[in-house]
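Okay, structure first, notes after.
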Amino acid sequence: RSVAGGTAEVLVLELDGTTAGFAELSRSGDIPSFGIVARCAIGSMGVLGALRAGWRARARSAVDIQPPAGIHLVELQVAPPHRNAGLGGRLLAEVERTARQQRAPTLSLTTAIDNPARRLYERNGFHVEAEKRHRHYEALTGSPGRVLMVKTLAT
């Protein structure tokens, strides 16, 4: 579903009629619209999960890393009861399919330096392009900073 004037797209993963996760894609950078993330996060993770997603989005501004031209994966979330079942990989594959369909030259994302999901991204062909640490970000999130990861889709 296209949102935010066509600059963002949200993919929703459903299992048995229940939202199990979502991904937000953007052509205009890494800071998502709080309203977009909140609606999706409440559906997949409840109110507390939505608050955490919004807090992380706000904290990201301390370690802004400009992604390359292409499609940027702003947020990928799988609801806690559905984690560690391969759904993150399935959702990431759909994100890549969507980016290739739109003929994007790259697919990028930023994530916390210490996020365990980095292994998922690396297994799927993403590499670290930049890293930025900031004490304000660490104070807000407990993580020392963020990394920009990029996957080349077109040559």
Side-chain angles (χ1 to χ4, degrees), residues 1-61 63-65 67-128 137 140-143 146-154:
R1 175 177 88 159
S2 247
V3 291
T7 62
E9 185 171 350
V10 176
L11 306 176
V12 178
L13 175 64
E14 292 184 348
L15 288 177
D16 302 321
T18 303
T19 301
F22 73 94
E24 181 187 356
L25 311 176
S26 173
R27 288 192 173 270
S28 61
D30 188 34
I31 305 300
S33 155
F34 180 73
I36 293 168
V37 172
R39 283 192 303 277
C40 293
I42 287 170
S44 64
M45 299 176 295
V47 173
L48 186 57
L51 289 174
R52 285 189 189 124
W55 188 254
R56 282 195 313 271
R58 177 165 293 199
R60 279 198 294 250
S61 65
V63 288
D64 183 34
I65 303 173
I71 300 291
H72 187 75
L73 176 58
V74 177
E75 193 75 37
L76 186 139
Q77 292 288 332
V78 174
H82 300 290
R83 290 183 183 157
N84 300 313
L87 297 180
R90 286 177 47 194
L91 192 52
L92 189 57
E94 184 61 21
V95 165
E96 183 175 337
R97 187 194 67 73
T98 299
R100 287 183 185 280
Q101 185 178 32
Q102 295 178 17
R103 292 183 168 73
T106 62
L107 179 57
S108 63
L109 62 93
T110 59
T111 192
I113 288 171
D114 54 355
N115 183 350
R118 279 184 61 178
R119 290 187 301 277
L120 169 68
Y121 304 134
E122 289 165 349
R123 279 194 313 267
N124 282 276
F126 287 83
H127 68 277
V128 174
Y137 181 83
L140 287 172
T141 67
S143 177
R146 296 183 66 75
V147 292
L148 169 66
M149 301 184 78
V150 177
K151 181 174 184 176
T152 301
L153 301 179

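If you're wondering where the values come from, they're calculated on a predicted model, not measured in any experiment.
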Side chain to side chain contact (heavy atoms under 4.5 Å, CB included) for N115 and V147? Distances and angles first, verdict last.
CA-CA 10 Å; N115 183 350; V147 292; over 6 Å; no
So, taking the atom named [atom1] in [X] and the one named [atom2] in [Y], what distance separates them when rounded to the nearest 0.5 Å?
| X | Y | atom1 | atom2 | answer |
| --- | --- | --- | --- | --- |
| T19 | Q77 | OG1 | CD | 13.0 Å |
| L91 | E96 | CG | CD | 12.5 Å |
| T106 | K151 | OG1 | NZ | 12.0 Å |
| H82 | T18 | NE2 | OG1 | 6.5 Å |
| R123 | L92 | CZ | CG | 9.5 Å |
| Y121 | L76 | OH | CG | 5.0 Å |

Which atom of [X] lies closest to which atom of [Y], heavy atoms considered:
| X | Y | value |
| --- | --- | --- |
| I113 | R118 | O-NH1, 2.7 Å |
| V74 | S26 | CG2-CB, 3.5 Å |
| R83 | V78 | NE-O, 2.7 Å |
| E9 | L11 | OE2-CD2, 3.9 Å |

Check the pair L109, V95 against side chain to side chain contact (heavy atoms under 4.5 Å, CB included), reporting the backbone distance first and the verdict last.
CA-CA 11 Å; L109 62 93; V95 165; over 6 Å; no
With a 4.0 Å cut-off, would you call R90 and E94 a salt bridge?
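Result for this pair is no, no salt bridge flagged.
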Using the rule given for side chain to side chain contact (heavy atoms under 4.5 Å, CB included), can you reason through L25 versus H72, listing the C-alpha separation, both sets of side-chain angles and the distance that settles it, and then say yes or no?
CA-CA 6 Å; L25 311 176; H72 187 75; over 6 Å; no
L153 backbone acceptor or donor facing R100 side chain under 3.5 Å:
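A pair under 3.5 Å: yes.
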Check whether any side-chain N or O of T141 sits under 3.5 Å from a backbone N or O of S143 as a donor-acceptor pair, and report yes or no.
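Yes: the side chain of T141 pairs with the backbone of S143.
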Would you check, one step at a time, whether the test side chain to side chain contact (heavy atoms under 4.5 Å, CB included) holds for F126 with L120?
CA-CA 9 Å; F126 287 83; L120 169 68; over 6 Å; no
Are any non-hydrogen side-chain atoms of V150 and H127 less than 4.5 angstrom apart?
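The answer is yes, as the side chains (C-beta and beyond) meet within the 4.5 Å cut-off.
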